Amino acid sequence: MKATEFISLFNFYKLIFLLSLMTVFSCKEKKTGVEIQKAENSIPIEAGFISLFNGKDLKGWEGDRTIWRAENGILIGELDPITNLKNNTFLIWKDGEPQDFELQLDFRISESGNSGINYRSDILDSIPFALRGYQADIDGKNNYTGQNYEERKRTTLAYRGEKAVIASQPNPDQPNSLRENIRNNAWQSREILENLGNPDILKDKINKQGWNSCKLIVNGNTLQHYVNGVLMSEVIDKDSLNRKLSGHLGLQIHVGPPMKVEYRNIRLKNL
């Protein structure tokens with residue numbers, strides 16, 4: 001073989017080799033691109049948290065299936081014009097009764113919506129899917145979103161923008177002492193320790209139409225409600241007669257006009 005023929009053959013195989021390498025790297029880049037896209041579409045769970053919603057169905061939850069459903073990774077509660085809801089109804093998490101915890105989730109609600117996140121709550125036997133206990137309030141007009149309202153018990157414990165300490169009612173041994181200690185839908189034995197911000201300015205931190213992040217930090221007798229990273233209310237519950245230190249979690253649909261509320265990325269960490 002002549003030297004020139006050898007060099008030509010060498011160059012030919014060299015070209016084939018280079019083309020093969022380019023094909024391999026091109027495939028790797030495409031594969032990597034798919035993996036990156038998948039990572040961007042999923043939200044990783046932080047260490048110590050567990051997911052309470054599988055994104056596919058209502059496994060682990062109990063509630064009225066004509067109102068609650070799972071769809072495209074979102075937990076949806078919807079009240080249509082036909083449904084005549086007589087009592088507030090809840091979708092109740094059935095796999096535990098958390099004591100000290102951090103709960104994180106995202107929510108979105110229609111303008112006419114009235115909902116909330118109940119925790120350390122009791123299940124009522126007399127009403128289907130009903131809870132009594134602490135609630136991180138959520139409503140579509142954001143009049144109450146972020147406050148601490150105790151469903152079927154002491155009512156408002158802290159409005160948005162308040163850090164409040166709660167005491168027991170006077171004369172607790174008297175009949176109806178709890179009910180008589182409520183005025184204008186608020187518990188009377190409470191003291192405002194600190195102003196967390198103007199309620200209207202805090203309201204501007206909440207999206208009316210889009211998604212909002214919510215974080216509840218519940219530790220001992222201290223209950224903190226955050227929306228979009230902002231502390232909206234804090235309760236220090238020193239009412240040893242009426243407070244609860246553990247109980248059920250649930251999501252509320254309030255009696256009222258047609259509405260829709262959506263929840264996603266529901267996760268819990270025990271403290």
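Along the sequence shown, residues are numbered consecutively beginning with 1. No experiment lies behind these values; they were computed from the predicted model shown.
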Please tell me whether L105 and Y134 are part of a single hydrophobic cluster in this structure, the criterion being side-chain heavy atoms less than 4.5 Å apart. yes
Should the heavy atoms of other residues, nucleotides or ligands under 6.0 Å from CZ of R179 be counted, would the total exceed 12? no
Apart from I217 itself, which Ile, Leu, Val, Met, Phe, Trp or Tyr residues share its cluster (side-chain heavy atoms under 4.5 Å, direct or through members)? L196, Y226, L231, L271
Residue pairs passing the salt bridge (charged side-chain N to carboxylate O under 4.0 Å, His left out) test with at least one member in residues 130-145, sequence neighbours excluded, are D122-R132
Can you list the residues that meet the ring pair (Phe, Tyr, Trp, His ring centres under 6.0 Å) rule with F53, with sequence neighbours excluded? none
Testing the basics here: between L202 and M232, what is the closest heavy-atom pair and its distance to 0.1 Å? O-CE, 3.5 Å
Those residues at least two apart in sequence (or on a different chain) that pass salt bridge (charged side-chain N to carboxylate O under 4.0 Å, His left out) with D64 are none
Using 0.5 Å steps for rounding, measure from the OG atom of S115 to the CD atom of Q135. 7.5 Å
Between R243 (side chain only) and D237 (backbone N and O only), is there a donor and an acceptor less than 3.5 Å apart? yes
Quick one: side chain to side chain contact (heavy atoms under 4.5 Å, CB included) partners of L85, sequence neighbours excluded? I67, L79, T89, I253, V255
Sequence neighbours excluded, which residues qualify as salt bridge (charged side-chain N to carboxylate O under 4.0 Å, His left out) partners of R267? none
Which donor-acceptor pairs under 3.5 Å do the side chains of residues 186-193 make with protein atoms, sequence neighbours left out?
from, atom 1, to, atom 2, distance (Å)
W187, NE1, A167, O, 3.0
W187, NE1, S189, O, 3.4
Q188, NE2, R183, O, 3.3
Q188, NE2, A186, O, 3.0
S189, OG, S168, O, 3.4
S189, OG, N181, ND2, 3.0
R190, NE, W187, O, 3.4
R190, NH1, L157, O, 3.1
R190, NH1, E162, OE1, 2.8
R190, NH2, E162, OE1, 3.4

Hey, does the side chain of D239 reach the backbone of N242 with a donor-acceptor pair shorter than 3.5 angstrom? yes
Using a 4.5 Å cut-off on heavy atoms from C-beta on, say whether the side chain of L268 contacts that of F49. no
Any donor-acceptor pair under 3.5 Å from D200 side chain to K203 backbone: no
Should we count OH of Y144 as having more than 12 external heavy atoms under 6.0 Å? no
Q169 and E180: CA distance, side-chain angles, deciding distance, side chain to side chain donor-acceptor pair (under 3.5 Å) verdict: CA-CA 9 Å; Q169 69 269 34; E180 291 177 358; over 6 Å; no
Considering residues, nucleotides and ligands other than K244, do more than 12 of their heavy atoms fall under 6.0 Å from its NZ? yes
Search all heavy atoms of G73 against all heavy atoms of R264 and return the closest pair with its distance. O-CB, 3.8 Å
Counting only heavy atoms from other residues, nucleotides and ligands, does the tally under 6.0 Å from CG of N195 exceed 12? yes
Approximate separation, where rounding is to 0.5 Å, of K163 NZ and S233 OG: 12.0 Å
State which residues pass side chain to side chain contact (heavy atoms under 4.5 Å, CB included) with D95; sequence neighbours excluded, sorted by chain then number. W93
Indicate, with yes or no, if L91 and I127 share a hydrophobic cluster defined by side-chain heavy-atom contacts under 4.5 Å among Ile, Leu, Val, Met, Phe, Trp and Tyr. no
Shortest non-hydrogen contact from A158 toward A164: CB-CB, 4.2 Å
Ring geometry between F107 and Y263 (parallel below 30°, tilted from 30 to 60°, perpendicular above 60°): tilted
For I74, which fellow cluster members are found when Ile, Leu, Val, Met, Phe, Trp and Tyr are connected by side-chain heavy-atom distances below 4.5 angstrom, either directly or through intermediates? I76, W211
Where is the tightest heavy-atom contact between S213 and G229, given as atom of each residue plus distance? OG-N, 4.1 Å
Assess, by modelled atom type and distance only, whether the side chains of N212 and N228 contain a donor and an acceptor separated by less than 3.5 Å. yes
Gap between atom CG of L52 and atom CD1 of I50 - 0.5 Å precision: 5.5 Å
For S51, give me all partners under side chain to side chain contact (heavy atoms under 4.5 Å, CB included), at least two apart in sequence or on another chain. I45
Measure the shortest side-chain to side-chain distance between L75 and L58 over non-hydrogen atoms and say whether it is less than 4.5 angstrom. yes
Taking N207 for its side chain and Q209 for its backbone only, find out whether a donor-acceptor pair lies under 3.5 Å. no
Are L251 and W61 packed together at the side-chain level, in the sense that at least one heavy-atom pair is separated by less than 4.5 angstrom? yes
Apart from F90 itself, members of its ILVMFWY cluster (side-chain separation under 4.5 Å) are I92, I123, L131
Is the backbone of G220 close enough, under 3.5 Å, to the side chain of D100 for a donor and an acceptor to pair up by distance? yes
Within a reach of under 6.0 Å around CG of N185, are more than 12 heavy atoms found that belong to other residues, nucleotides or ligands? yes
Looking at residues at least two apart in the chain, or sitting in another chain, which of them share a side chain to side chain contact (heavy atoms under 4.5 Å, CB included) with D80? I82, T83
Inter-residue atom distance F129.CZ - R65.CZ, 0.5 Å rounding: 8.5 Å
